[in-house]
2 protein chains.
Amino acid sequence: MATFIGNIEAKADVKGRIFIPASYRKQLPEGERERLVMRMDPNNACLILYPEGVWNRKVADFKEKLDEWNSDDQMLLMQFVSDAEWLDIDSQGRVLISKRYLQQIGVSLDVLFVGMLDRIALWDKAAYEHSRLSSNDFAKRLAEKMMKKSVD
Amino acid sequence: MATFIGNIEAKADVKGRIFIPASYRKQLPEGERERLVMRMDPNNACLILYPEGVWNRKVADFKEKLDEWNSDDQMLLMQFVSDAEWLDIDSQGRVLISKRYLQQIGVSLDVLFVGMLDRIALWDKAAYEHSRLSSNDFAKRLAEKMMKKSVD
DNA sequence: ATTTAATTCCCCACATTCCCCCACAAAAAA
DNA sequence: TTTTTTGTGGGGGAATGTGGGGAATTAAAT
């Protein structure tokens, strides 16, 4: 399975098109290079891009854990799915992201792709810099999580 | 598993390519000599090079300990992973390191590979000399660390 | 209903960067 | 010395990234 890492700058053009970095595109499984699933991140001002396979597995996981006849469960499912949409990759390797989503993450042309192992986050560049933890905080909190094991 | 020790001088060429010392390359497991993972060290002005296997184990550890549905956890994961990238080793045994990373560690052509057991640190030569502790400090602090052992 | 505007989509064109390949210097081994 | 391995350098073609024109479709306004 692909492992997306790193961060790559890109520019959205005036039409809202954004080039998927080739290094990421190449990691997509054969046959999943035509489109992605995009979803608003409810917690952060970013969009999450899922390869088809990863998205499908996530959906399967939902079906398994949520009860089809429980209305609360169905509400959760609906809300999760409603903030997502398919993104076709055009012949140049770009995706077109509709204005309202770009506005939601506050994009001003400069964007940042950030690898998150099985998926990719898409940030406004400035917003990402702003959301990053200072390296001290980062090291401390990561160390806590990882239970005092070294993490370098 | 490989045990990288020692330090080896090398030169970055104008294109930002750096030769991985053969003595290190030979220690890479069979089948892991095509590429490495490089990561910015957030605390020191150096880059860390991981053999694939070592990196994969680290990633597995993250996945196990961080909750996919917890946004704090995901932010930590993203921040860790975003400062890393794959480095392909070319047919001459070199890796190409992008300008921005070289700048971050202040490389001026002369670099130093420093073995760190399961991984390798890459320093600007001058910066490394400058960051080293004096041998007095070193001995003292090492002694402190090694005495209050071993609890966890 | 008709016009106008905005968005989406499908082309084509071009600049720049990257990466593959070859050649060779320098050092080590035979 | 000759041969092999290790380390350095550069040219050029392909791939990547950027931009724009203008249909087709949808939405808004008159």
Side-chain angles (χ1 to χ4, degrees), chain A residues 2 4-28 30 32-38 40 47 49 84-105 107-115 120 122-125, chain B residues 2 4 6-28 30 32-38 49 85-103 107-115 120 122-125:
Chain A
F4 303 105
I5 64 176
N7 68 95
I8 302 175
E9 287 184 32
K11 274 184 199 298
D13 66 23
V14 284
K15 294 181 178 180
R17 292 177 302 188
I18 301 176
F19 200 92
I20 305 288
S23 56
Y24 286 162
R25 199 141 29 81
K26 270 188 276 189
Q27 289 188 74
L28 292 173
E30 205 69 45
E32 297 191 15
R33 297 182 183 169
E34 304 299 317
R35 53 185 194 161
L36 299 168
V37 174
M38 178 202 74
M40 268 293 298
L47 302 171
L49 306 177
E85 64 182 39
W86 291 100
L87 291 185
D88 289 318
I89 300 178
D90 76 12
S91 56
Q92 263 68 232
R94 294 174 291 196
V95 290
L96 175 68
I97 299 183
S98 60
K99 291 264 152 66
R100 71 182 164 126
Y101 281 110
L102 287 181
Q103 279 166 8
Q104 284 204 53
I105 64 168
V107 161
S108 52
L109 298 187
D110 288 307
V111 298
L112 204 62
F113 287 88
V114 183
I120 303 166
L122 179 64
W123 287 80
D124 176 71
K125 186 162 172 277
Chain B
F4 304 104
N7 69 95
I8 302 174
E9 288 184 32
K11 274 184 199 301
D13 68 23
V14 285
K15 292 184 177 180
R17 292 178 301 191
I18 301 176
F19 199 92
I20 306 287
S23 57
Y24 285 162
R25 198 139 30 81
K26 270 189 275 190
Q27 288 188 73
L28 291 173
E30 204 69 44
E32 296 191 14
R33 297 183 183 169
E34 304 298 317
R35 52 186 196 160
L36 299 168
V37 174
M38 177 203 76
L49 305 177
E85 64 184 39
W86 290 100
L87 293 184
D88 288 319
I89 300 179
D90 75 12
S91 55
Q92 264 70 241
R94 294 173 292 194
V95 290
L96 175 67
I97 299 183
S98 61
K99 304 250 159 66
R100 67 178 165 136
Y101 283 110
L102 288 180
Q103 278 168 8
V107 162
S108 52
L109 298 187
D110 288 308
V111 298
L112 203 61
F113 286 89
V114 182
I120 304 166
L122 180 62
W123 286 81
D124 176 71
K125 186 161 172 277

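In what follows, chains carry the letters A, B, and so on, assigned in the order in which the sequence lines appear, proteins first and then strands, with residues in each chain numbered from 1.
Residue K99(A) is the one, among R94(A) and K99(A), whose nearest nucleotide of DNA chain C lies closer to the 5' end (criterion: closest heavy atom).
If you take CZ of R100(A) and P of dA27(D), they are 12 Å apart, rounded to a whole angstrom. Rounding to whole angstrom units, CD1 of residue I8(A) and C1' of dT16(D) are separated by 12 Å. Spacing between atom CD1 of I97(B) and atom P of dC19(C) amounts to 13 Å, rounded to whole angstrom units. Rounding to whole angstrom units, OH of residue Y101(B) and P of dC18(C) are separated by 14 Å. Note: CD1 (I89(A)) to C1' (dC10(C)) measures 16 Å, nearest angstrom. Rounded to an integer number of Å, the gap from NZ of K11(A) to P of dT16(D) is 20 Å.
Distances were taken from every side-chain heavy atom of Q92(B) (C-beta onward) to each of dC19(C), dA23(C), dC11(C); the shortest belongs to dA23(C).
F113(A) and A10(A) get closest at one heavy-atom pair: CE1-CB, 3.7 Å.
The one candidate from R17(A), K15(A), K11(A) that meets the salt bridge (Lys or Arg N to Asp or Glu O under 4.0 Å) condition with D13(A) is R17(A).
Side-chain nitrogen and oxygen atoms of K26(B) include at least one within less than 4.0 Å of the OP1 or OP2 phosphate oxygen of dT6(D).
A heavy-atom distance below 4.5 Å is not found between the side chains of L112(B) and D124(B).
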